[in-house]
There are 2 protein chains.
Amino acid sequence: MAVDSSLSERKLTILKAIIQNYLETGEPVGSRTLTKYTDLNLSSATIRNEMADLEDLGYIFQPHTSAGRIPSDKGYRLYVDMLMEDKEQEITERENGLLEKTDKVEQVLRQAAKVLAANTNYATMVSSPVNNRNTLKFIQLSQVDTEQIVAVIVLGGNVIKNKIIEVGETLSNENLLKLNMLLNTTLNGMSIDQITLGLIARLKEQAGIHSEVVGHVLDAVAEIIHVEDDMEIYTSGATNIFKYPELSDKQSAQEIISAFEEKQQLADLVTETLASEDNHGIQVYIGDETPVKTMRDCSVVTATYELGEGMKGTIGIIGPKRMDYEHVMKTLKTLQSELDAIYNKEPKE
Amino acid sequence: MAVDSSLSERKLTILKAIIQNYLETGEPVGSRTLTKYTDLNLSSATIRNEMADLEDLGYIFQPHTSAGRIPSDKGYRLYVDMLMEDKEQEITERENGLLEKTDKVEQVLRQAAKVLAANTNYATMVSSPVNNRNTLKFIQLSQVDTEQIVAVIVLGGNVIKNKIIEVGETLSNENLLKLNMLLNTTLNGMSIDQITLGLIARLKEQAGIHSEVVGHVLDAVAEIIHVEDDMEIYTSGATNIFKYPELSDKQSAQEIISAFEEKQQLADLVTETLASEDNHGIQVYIGDETPVKTMRDCSVVTATYELGEGMKGTIGIIGPKRMDYEHVMKTLKTLQSELDAIYNKEPKE
DNA sequence: TGTTAGCACTCGAAACAAAGGAGTGCTAAC
DNA sequence: GTTAGCACTCCTTTGTTTCGAGTGCTAACA
């Protein structure tokens, strides 16, 4: 990650100027423009020479002869890693307290996606936290109808699931009570891995004639834990990509928007982000670095937030490579800490 | 809804031919083409005369002089109402049994949207059933943590909701039991409108020192009932609109896709459909007839399905006005009855 | 040796022109 | 009432030209 030794101070300045200018305008930038843009007073000819070097080194390229230069992926990477300054830009709309304190996680996340999109003009996504579904906190069976009972299952992290179980028999109140006792005393606080076949057999035995119900309940538990795809992903501003000509031709637009609708690819992205070691940092994927194929022409910036009890989620921004990285990263950081704060500091009301 | 008396048999034939041809090609259709297309043997000149009449009557129009004719909204309307034949087209992909029998409603609906999109090449939406949230079937409070209890609330139609309630005090088991008894004996089977302020006061009184908890529970009930926006809408194939040039310019595409992402407008559409008297029929909105402003250039076809216990949902298709109405309506009908069947016949497993 | 001025050259974008052709409306004859 | 014929319209396509931004290179300069 050390700077290429062949990069003089001046080259860096020029590269930075090129990129910044390109971020603003989206147009290839020529030597003429740069003479005004940089503080170093150089003629266009000199700058041309430097640009030729930079092109040889692979940091910039020309879309065609006789056009100005555009940063390459490598150029962007260098920029993000080294050249970028921390912009102390503030987020508009609801200065501090971006997020209203709603107690529905879902709504907060939806809103987060929206705020993010509104603040950046890119497409955004927020994943619901992936809970560490490995401890069973509580189970409660209740009779709803003569032939239906509802099983409420609370997992670590206060994730509540329920499932209706059809039973042939009508359970008496006391039997239900007994079953609840049985289940809770045996299973509460237990990690999933600890629930073995032997344990199940023993449970069923103890349940006696109601072993069938116990079977159903355990099935429900198993199912709930296995449902992989229940990670929700909220998106917003997918149509923002139309604002960037380089992404808004039919082909690209269709692919990207499809990814946003189907969400599978976004889920992969989340998985990837969460797997990465550099958690609680911010990750920037430029062009081909992106784990999602359909976003080869984009840049993707993601951050991880934490909800306590090991529950983590991802917020992310997808936009053109000429993205305002500084602003985006700043905004992500803010939102990230807001989310962290909302849920960790004060589980208020 | 009677046919305009000025429409001769021949004019109808020609109109139908124009529309069918336009549906296929998407190109304005000229008199020359029609000579081959219709069975009546007429010269192009004659047809031109008839076309001029049809244009005067408002059924077709020219995008510009010296172009062929295109059906107007009025023309499409006539076609859908009278001219269209029932195409006995079968749905591809999984002939009968379009939908796998999953017990998760959500998944079935998601899949329904996908199947629909795959079969039609239009954008599709499926709304989750709107339950008649007007009776309280069951309430269960359970202690989860020292300071948290979870309230499980079952509404008519077996809609289960839960909410975590933070309590300052730790409730003893028997108190919890008493509260449960109190709540259930008082509230079960009660319609929402019956829960008056007086009743609430009485309840709280009876709860004694735990009146606060009761208050929270009732708040939760109120909230759950009021959450309007909890109608889920699943979409698929939004990007299909790119297949139709008349909808895929940036402006339109952006609007339509936004509507699909934000979903609010789709929700309005659903509400509108459900409100309409002609339930269990199929509704066709052509162009301006659409209740959703952003879809003025589209046609929208919707159908209502029923899940028993008065729970209804909507499936819909959004596409260009030159939509294959016959196929779409056929497909919608099939899916509609599949959904009806799955949930009404056999609430299996 | 690094910098700069000058110049010929490239190549896309925009403007313009011409050709082609599908389709029309109208008239006159059948 | 139907049809052939014709002049006319106007969009689409294609080609040509022009324009200018930007380049690379060379030669002169400090």
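Per chain, numbering begins at 1; letters A, B, ... match sequence-line order.
Residue-to-nucleotide contacts include no donor-acceptor pair under 3.5 Å from the side chain of R69(B) to the base of dG25(C). Side chain S66(A) to base dT10(C): a donor-acceptor pair is found below 3.5 Å. Taking 3.5 Å as the limit, the base of dG24(D) and the side chain of R48(A) contain a donor-acceptor pair of atoms between them.
When atom types are taken as modelled, the side chain of T302(B) and the backbone of I315(B) share no donor-acceptor pair closer than 3.5 angstrom. Side-chain N or O atoms of S276(B) include none that pairs as donor or acceptor with a backbone N or O of E272(B) at under 3.5 Å. In this structure, the side chain of Y325(B) engages the main chain of K321(B) through a donor-acceptor pair within 3.5 Å.
Distance CG (N49(A)) to P (dT4(C)): 10 Å, rounded to an integer number of Å. Computed from coordinates, the N41(B) CG to dA4(D) P distance equals 12 Å when rounded to whole Å. Between the P atom of dG20(D) and the NE2 atom of H64(A) lies a distance of 17 Å, rounded to the nearest Å. The interatomic distance linking L54(B) (CG) with dT24(C) (P) rounds to 12 Å, in whole Å. Distance M51(A) CE to dG22(D) P: 9 Å, rounded to the nearest Å. We find that CD1 of I47(A) is positioned 13 Å from P of dG24(D), with the value rounded to whole Å. Rounded to an integer number of Å, the gap from F61(A) CZ to dG22(D) P is 16 Å. Between K36(B) atom NZ and dA22(C) atom P there is a gap of 10 Å when expressed in whole angstrom units.
Using Watson-Crick or G-U wobble geometry with both donor-acceptor distances under 3.5 Å, dC30(C) finds its partner in dG1(D).
Between S43(B) and dT3(D) there is a side-chain N or O to OP1 or OP2 distance below 4.0 Å.
Taking the side chain of Q62(B) as heavy atoms from C-beta on, and the options dT24(C), dA5(C), dG24(D), the nearest nucleotide is dT24(C). If you check dC10(D), dG23(C), dT4(C) against the side chain of T46(A), the one that comes closest is dT4(C). Side-chain proximity of A52(A) to dG24(D), dT24(C), dC11(C): nearest is dG24(D). Closest to the S31(B) side chain, of the nucleotides dG22(D), dT24(C), dT4(C), is dT24(C).
T65(B) comes within 4.0 angstrom of sugar-phosphate atoms only, judged by non-hydrogen atoms across all strands, and of no base. Residue S44(B) is out of contact with every strand shown, counting any heavy-atom pair closer than 4.0 Å.
Using modelled atom types and a 3.5 Å distance limit, the side chains of E24(A) and Q20(A) yield no donor-acceptor pair. Judged by distance alone, the side chains of T235(A) and E261(B) do bring a donor and an acceptor atom under 3.5 Å apart.
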